[in-house]
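Keep in mind that what you see is a predicted model, and the values were worked out from it rather than measured. FYI, the numbering just counts along the sequence from 1.
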Amino acid sequence: MHRAPRLNTRGVLINAAALVLVLSYALPYIYLLMTSIKPAADVQQIPPSFFPAVISFENFREVLQSSTLPKAFVNSLTVAVLTTALSLLVAVPAAYVATQYRRRITTLFLLFALVTRMVPSVSLGVPLFQLLKSMGLLDSIPGLVLAHTSAAVPLALLLMSAFFEGVPKELEEAARMDGCTRFQAFRKIILPVMTGGIAVTALFTFITSWNEFLYALLLTSEATKTAPIVIAEYNSVYGLAWGAMTAAAVLYSLPVIIVTLALQKQIVGGLTFGAVKG
């Protein structure tokens, strides 16, 4: 006679808690998506409905035919990619030196990076405006990239420092014994090991630039306006265009989702790097 399998109460509770957590994050986005595919008349319906009675893509057609949003998307993507590349170029070697060659100055360097993350962006807006104005970089892609990089580098530095802490010093020592210079050991041995950590840092840096609003508002006008500014402009003195705004927001979220899915293996590997030492 076979016994009925015992119910794993702990597993059920963990899965239920995970489901609630996922739904708490997913439901606002699902509602955003449902609103974006509603006809214009249904968007303003009172009381509002969660699911559309009729699926319509008129909101997406409106934003794609806009004269400003496609260009703003290109500006946002250009700035985010350049900011990510420049931040990694600075943060990866700096974090490696700061963690592998511990000195008082490197410790102060990491502490300074942490402190800069605590400074509100709004307090840096006016100095950045004056600095970029004196350099002739206001309302330009290079100027916005520099502003975003100033905010992204401390984050990238702290993330990469945490990852480099898990790299055994014996790796570089073995490479040096084989005749490599420090730079060759870093380039040929350490960087390939850190692929996951670099992917995680690149993703968070990209998202930091992609979602940035304040600097884009202060430092750009018509020429280099980014997508968050254009999306916010759907809220005007004439009312709030919910349909167009939600459609633009859905389109704006797609690059981050695509990048996350493309890098998911590296992200999982990076987040678990150094978790087990033996």
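- For CD1 of I55, the number of neighbouring non-hydrogen atoms (other residues, nucleotides, ligands) closer than 6.0 Å is 12 at most.
- Applying the ring-ring contact (aromatic ring centres under 6.0 Å, His included) test to pairs two or more places apart or on separate chains, none has a residue in residues 114-143.
- L218 has its side chain out of reach of L128: every pair of non-hydrogen atoms, C-beta onward, lies at least 4.5 Å apart.
- Shown here is Y25, whose OH atom has no more than 12 heavy atoms of other residues, nucleotides or ligands within 6.0 Å.
- Separation of atoms CG (L88) and CG (L159) is listed at 10.0 Å; rounding is to 0.5 Å.
- Between M194 and F164, the closest side-chain pair of non-hydrogen atoms falls below 4.5 Å.
- Contacts classified as side-chain hydrogen bond (donor to acceptor under 3.5 Å, both in side chains) and involving residues 138-153 (residues at least two apart or in different chains) are given here: D139-S221, D139-T224, H148-S209, H148-E212.
- Pairs engaging residues 242-265 under the ring-ring contact (aromatic ring centres under 6.0 Å, His included) rule: F73-Y252, W210-Y252 [sequence neighbours left out].
- Taking all atoms of both residues into account, the shortest heavy-atom contact from P142 to L137 is CB-CD2, 4.3 Å.
- Taking every heavy atom of both residues into account, A152 and T83 meet most closely at CB-CG2, 4.0 Å.
- Within the 4.5 Å cutoff, no side-chain heavy atoms of L77 are placed close to those of V74.
- With sequence neighbours excluded, no residue forms a ring-ring contact (aromatic ring centres under 6.0 Å, His included) with F57.
- To the nearest 0.5 Å, atoms CG (L251) and CG (L69) are separated by 7.5 Å.
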Worksheet entry | Test log, rule side chain to side chain contact (heavy atoms under 4.5 Å, CB included), inputs F204 and T84 | CA-CA 9 Å; F204 279 98; T84 302; over 6 Å; no

field: Test log, rule side chain to side chain contact (heavy atoms under 4.5 Å, CB included), inputs V259 and I207
entry: CA-CA 10 Å; V259 170; I207 293 174; over 6 Å; no

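- Within the structure, the side-chain hydrogen bond (donor to acceptor under 3.5 Å, both in side chains) test picks out the following pairs touching residues 26-38 (sequence neighbours left out): Y29-S253.
- When all heavy atoms of M34 and F50 are compared, the closest pair comes out as CB-O, 3.2 Å.
- At a threshold of 4.5 Å between non-hydrogen side-chain atoms, the residues I37 and F60 count as touching.
- Summarising the geometry of D42 relative to A53, their closest heavy-atom pair is OD2-CB, 4.4 Å, with the distance given to 0.1 Å.
- Under the salt bridge (charged side-chain N to carboxylate O under 4.0 Å, His left out) criterion, K225 pairs with E222, E233, not counting sequence neighbours.
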